[in-house]
Amino acid sequence: KAISKAPQQMSQSMFAYSRSRTLVQLTQEYERRFFDEHREAFEAPKRGRNAGIAPLVGTDQLRRRLMVVLEEHMGSSLSGVSNVVRSELDDAAYQFKVQYNDRSITPETYVAEVMDIMKQRFKLFANSF
């Protein structure tokens, strides 16, 4: 559960504090001050499903949580991709073995065989046309 809430009113604008810091630093400082000033609204619930678990507040916490979720999801997806790639490689190796019966082949002989096959198919196409 992440909460990122704009303040209703603060004593000063976040841009009034410093011009030398980045916008991210200013935003984080502003959020930290806001959540410190309104601590009672963002404390951990005393009962219920999330009792004792403080909510994640602020854009930095939200960014960290999103990165964790994305890493977990992408990590779990990689196993499926890995299995598909492994299967495709096994199929290609088997097809190569069946087609060339473990004989050595050079690029020149491969191209010559492919050209012969293309010539035969073109001749069949021309005859049928």
Side-chain angles (χ1 to χ4, degrees):
K1 184 175 171 182
I3 298 172
S4 182
K5 182 177 179 182
Q8 292 177 354
Q9 52 176 272
M10 294 286 286
S11 56
Q12 291 182 334
S13 164
M14 72 180 191
F15 297 107
Y17 288 101
S18 173
R19 301 232 185 263
S20 63
R21 287 185 271 171
T22 67
L23 183 60
V24 172
Q25 291 170 329
L26 290 171
T27 303
Q28 288 173 348
E29 181 181 329
Y30 194 68
E31 287 176 343
R32 188 181 70 251
R33 280 196 355 257
F34 173 79
F35 291 122
D36 285 345
E37 289 176 12
H38 300 90
R39 186 177 306 272
E40 69 283 348
F42 299 102
E43 62 187 16
K46 302 208 181 345
R47 58 187 157 177
R49 180 172 84 168
N50 295 319
I53 300 172
L56 301 173
V57 294
T59 54
D60 190 50
Q61 290 288 338
L62 179 60
R63 180 186 58 80
R64 288 181 191 166
R65 180 65 184 141
L66 286 173
M67 289 302 295
V68 167
V69 170
L70 283 172
E71 287 170 357
E72 289 172 356
H73 182 71
M74 290 173 72
S76 66
S77 297
L78 284 179
S79 63
V81 171
S82 173
N83 291 338
V84 169
V85 168
R86 186 173 290 116
S87 174
E88 291 291 327
L89 284 173
D90 291 344
D91 289 347
Y94 177 75
Q95 289 296 328
F96 184 82
K97 184 174 182 161
V98 167
Q99 187 170 357
Y100 297 106
N101 199 18
D102 285 336
R103 64 186 168 140
S104 62
I105 185 168
T106 64
E108 293 82 13
T109 57
Y110 175 78
V111 169
E113 287 181 16
V114 169
M115 291 301 291
D116 288 342
I117 292 170
M118 286 178 57
K119 286 177 186 177
Q120 289 173 356
R121 289 184 181 167
F122 186 75
K123 186 177 181 180
L124 290 172
F125 173 73
N127 289 339
S128 68
F129 193 66

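Values below: all heavy atoms of this structure, side chains included; hydrogens, waters and symmetry mates excluded.
- Within the 4.5 Å cutoff, no side-chain heavy atoms of V68 are placed close to those of R64.
- Atom CZ of residue R86 and atom CG of residue L89 lie 9.0 Å apart, to the nearest 0.5 angstrom.
- You'll find the side chain of R32 reaches within 4.5 Å of the side chain of E29, heavy atoms only.
- At least one donor-acceptor pair closer than 3.5 Å links the side chain of S77 to the backbone N or O of H73.
- To the nearest 0.5 angstrom, R63 atom CZ is 7.5 Å from Q28 atom CD.
- Every residue was checked against the side chain to side chain donor-acceptor pair (under 3.5 Å) condition with E88, not counting sequence neighbours, and none meets it.
- From R65, atom CZ reaches atom CG of L70 across 10.5 Å, with rounding to the nearest 0.5 Å.
- Rounded to the nearest 0.5 angstrom, R33 CZ and Y30 OH are separated by 6.5 Å.
- Residues M74 and L66 fall into different hydrophobic clusters, defined by Ile, Leu, Val, Met, Phe, Trp and Tyr side chains chained together at heavy-atom separations under 4.5 Å.
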